[in-house]
Each structure stands twice: as C-alpha cells, then as structure tokens.
Amino acid sequence: MSTITPVAQKAQTELSDLQKFLTELFKECTQTEDEISSSISEIQLNALENLKEYEPQEEEEEVVEAISGYTIFNIESSHNNRTYRMEVHLDNDFTDTAETRIRSALDVMLARIVAGQLRNFIQRAQPGANGLRNRRRKSLPFPHPLPYLNSSPTTIPEQVAEEGAVVEAAVFGALNSTSPTTRRKLTLNAYQNSNENVFGKAPVNSYNRQRALYVSLNTNAFQPSRTDDIWAGVIAHEILHNLGWEHPDNQYTLAMPIEIYQACISGGHHLDASFIR
C-alpha cells in the first residue's frame, strides 16, 4: 500500500485551498457583465485545470536569523473566510516616526491584500501594444502552484487577467494562514540612501528559497507628505519582488504588474518618473 508523504499531503492541501480561493476570487470579479468579467471568465476554467499539474517539492530549510535588534509583533486581516497573518520583525534602527508610519501602513496593506485586487488590477492596468511588460517568468521556481494557462493568452485582456490571478495566487500562497501559529515572517530592515525618493529594495524571488519575506526601507524617505496609503503600496511592491516580480531600474509604468499591484494597494499611487528606486 502506497503512503502519502507529509510534503505531498501538504501540497495537496495547499492545492485544494488555492483552488477554493481562486474560485471565490473569480466569482467575486464576474458578478457584472462587462469586459473585465468576460476576460476573467475566459481564463477561469483553464487556470483551475492547469493547477492539477502541480508537482510538490521538498521545502528547503528556512533561514534562521537572530532576533536581537528587532521589535517583533503580529498583524492579521480577514476577508471572505480567509485570513492573512504575518510576524513582523521591525529593525530598531527606524525612528519612532518611521515605526509609527510603518505599523499603520502594514495594517492598511494587509487589509487591502486579503480583500483581493484582481478586478482592481485589471482596471488599473495600462498595457502597451504588446501587452504587459516584466511579467513574472513562468519558469521561475515557486513553492506553490500558480494559475498560468496551458498556452499563452491570445488577447491582451486575457493576459492581464491571467497575470492578475497569478499575483493573487502567489500572495495567497505566501500569506494565507489556517491558524494563529502559522504566520509568514516579514523582516523590515532600515537602510540609508541620501536620495529621499528612493523608497526601498528587496531580493527577487527570495520567498522560494526561504519561505520568508525580506524588505529594506530607506530611512530618509519617511517624509510627512508620504501617507499610510503610499507606504502600504511601497511595501506591497517590495513583497512582490520577494515573490518573483521584477522591473528595470528607474522604470515604473502601469504596464508592469508590480506597479499595477502597488497602485491597487495604495489606492492609485505608483512610482512614476518622479520617483527613483
């Protein structure tokens, strides 16, 4: 009699949870008949079918860091029977003013992320004649299944809808929590750059190796005019770097998924030509 390994069992559970999440997400986005609903409906069945091809892999050992020098606190937010939880490790080198802003921005960010942004993503996208730029590479490793279509989308609206669903699935895989003891670790490091228009940086696709999220924020960028909304979008942008999204240096347009998602979370703000990162 064959037995299911713990890793395979975990993968099956993750796959089932993701299928349920995507089904509900697509349902929320197709309640009215319009171009957005049509685009989502086009990819829904194929995306869910494609998830069945997922093959579980053994997880690599998570990086363990010393916790001295960090303030540790938990945040969580729920929507439609799903909950995202994070254990935040906040660098003590942030000023009190920056810490207050970061804590508030994290609450805003997580509440908007867990609510789902697929419809918003499609509405905000401004793809060029050839579609989106700097999409997440389909071949890039990821520990959870992602709802790519079996063949490339044939229209730009379908491409945008597919990418939006991939973003949502990646975030769901990283942050979804079934109990208070399962929280994704987010480390927020302080660093200094004399250019106050440099907001932050983050390693690309690090989550696949470490099952944790690592973001660095420029202490000089915490200006009074930069609201919780703006910082919520910035941190979400950096988290997408951890999950595998990239962009060329000094280029930020709403044809790039990472910028589209930032605009979704911040309520419209994204890094245009006046910002450098």
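Looking at S77 and T83, their side chains never come closer than 4.5 Å, going by heavy atoms from C-beta outward. No side-chain heavy atom of L22 sits less than 4.5 Å from a side-chain heavy atom of F172. With a 4.5 Å cut-off on side-chain heavy atoms, I72 and L90 do not count as touching. Inter-residue side-chain proximity for W245 and N134 is flagged as unmet; no heavy-atom pair is nearer than 4.5 Å. Between H144 and Y207 there is a side-chain heavy-atom pair separated by less than 4.5 Å. L175 is listed as a side-chain neighbour of I113, based on a closest heavy-atom distance under 4.5 Å. In this structure, the side chains of L240 and V171 come closer than 4.5 Å at one or more pairs of heavy atoms. Using a 4.5 Å cut-off on side-chain heavy atoms (C-beta onward), Y70 and D91 make contact.
With hydrogens and angles ignored, the 3.5 Å screen pairs a side-chain donor or acceptor of T182 with a backbone N or O of S179. For N242 (side chain) and P203 (main-chain N/O), a donor-acceptor pair under 3.5 Å exists by modelled atom type.
Distance check: H79 NE2 to N81 CG gives 9.5 Å after rounding to the nearest 0.5 Å. Considering CG of N120 and SG of C29, their distance stands at 9.5 Å, rounded to 0.5 Å. Between the CG atom in L106 and the CG atom in L110 there is a gap of 8.0 Å [rounded to 0.5 Å]. Distance check, rounded to the nearest 0.5 Å: CG of N218 to CD of Q192 gives 7.5 Å. Atoms CD1 and CD, from I40 and E158 in turn, are 12.0 Å apart once rounded to the nearest 0.5 Å. Expressed to the nearest 0.5 Å, how far CD1 of I102 lies from CD1 of I235 amounts to 6.0 Å.
V108 and M86 fall into different hydrophobic clusters, defined by Ile, Leu, Val, Met, Phe, Trp and Tyr side-chain heavy atoms under 4.5 Å apart, directly or through other members. Under a hydrophobic-cluster definition in which Ile, Leu, Val, Met, Phe, Trp and Tyr are linked whenever side-chain heavy atoms come within less than 4.5 Å, directly or via other members, V167 and L140 are assigned to different clusters. V204 and Y261 fall into different hydrophobic clusters, defined by Ile, Leu, Val, Met, Phe, Trp and Tyr side-chain heavy atoms under 4.5 Å apart, directly or through other members.
Sparse packing is recorded around NZ of K20, with 12 or fewer heavy atoms of other residues, nucleotides or ligands lying under 6.0 Å away.
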Starting from the C-alpha separation in whole Å, work towards a yes-or-no answer on salt bridge (Lys or Arg N to Asp or Glu O under 4.0 Å) for E99 and R103.
CA-CA 6 Å; E99 178 178 344; R103 285 176 178 264; 3.0 Å; yes

Applying side chain to side chain contact (heavy atoms under 4.5 Å, CB included), run through V88 and I75 and close with a yes or a no.
CA-CA 7 Å; V88 181; I75 60 172; 4.1 Å; yes

Candidate pair E246 and R136, rule salt bridge (Lys or Arg N to Asp or Glu O under 4.0 Å), full reasoning
CA-CA 7 Å; E246 301 179 71; R136 189 184 195 281; over 6 Å; no

Might you work through the side chain to side chain contact (heavy atoms under 4.5 Å, CB included) test for R135 and V160, ending with a clear yes or no?
CA-CA 10 Å; R135 298 183 63 191; V160 173; over 6 Å; no

Output, in order, the C-alpha distance, side-chain angles, deciding distance and verdict of side chain to side chain donor-acceptor pair (under 3.5 Å) for N220 and S194.
CA-CA 7 Å; N220 290 324; S194 59; over 6 Å; no

Residue pair T219, F94: steps toward the side chain to side chain contact (heavy atoms under 4.5 Å, CB included) verdict:
CA-CA 7 Å; T219 56; F94 285 111; 4.1 Å; yes

Begin from the C-alpha positions of V215 and L186 and carry the test side chain to side chain contact (heavy atoms under 4.5 Å, CB included) through to its verdict.
CA-CA 8 Å; V215 170; L186 168 63; 4.1 Å; yes

When you look at N80 and E28, which way does the side chain to side chain donor-acceptor pair (under 3.5 Å) test go after all the steps?
CA-CA 10 Å; N80 278 4; E28 290 173 18; 2.5 Å; yes

Should T23 and Q19 be marked as a side chain to side chain donor-acceptor pair (under 3.5 Å) after you check the CA-CA gap, both sets of side-chain angles, and the distance that decides it?
CA-CA 6 Å; T23 298; Q19 287 172 322; over 6 Å; no

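When all heavy atoms of P145 and L18 are compared, the pair lying nearest together is O-CD2, 3.1 Å. When all heavy atoms are compared, the tightest approach of C264 to Q117 is CB-OE1, 3.6 Å. The shortest non-hydrogen separation linking A161 to L118 is O-CD1, 3.8 Å. Scanning all heavy atoms of the two residues, the minimum distance from S266 to G233 falls at CB-CA, 3.9 Å. Residues A232 and A105 share a closest heavy-atom pair of CB-O, 3.5 Å. Looking at every heavy atom in both residues, R211 comes nearest to R184 through O-NH1, 2.7 Å.
R82 forms no cation-pi arrangement with F21, by the criterion of a distance under 6.0 Å to the ring centre and an angle within 45° of the ring axis.
For H241 and Y214, the gap between ring centers reaches or exceeds 6.0 Å. Ring centroid separation for the pair Y252 and H247 comes in under the 6.0 Å cut-off.
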Anything under 3.5 Å between a donor and an acceptor, one on a side chain of residues 126-133, the other on a protein residue two or more places apart or in another chain? List them.
residue, atom, partner, partner atom, Å
R133, NH2, Q251, OE1, 2.6

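Using a 4.0 Å cut-off between charged nitrogen and carboxylate oxygen, D96 and R101 do not count as a salt-bridge pair. Note on E87 versus R183: no salt bridge recorded, every NZ/NE/NH1/NH2 to OD/OE distance being 4.0 Å or above.
When the ring-ring contact (aromatic ring centres under 6.0 Å, His included) test is applied to W231, the partners found at least two apart in sequence or on another chain are F199, F222. Looking at residues two or more places apart in sequence or on another chain, you find no ring-ring contact (aromatic ring centres under 6.0 Å, His included) involving Y84.
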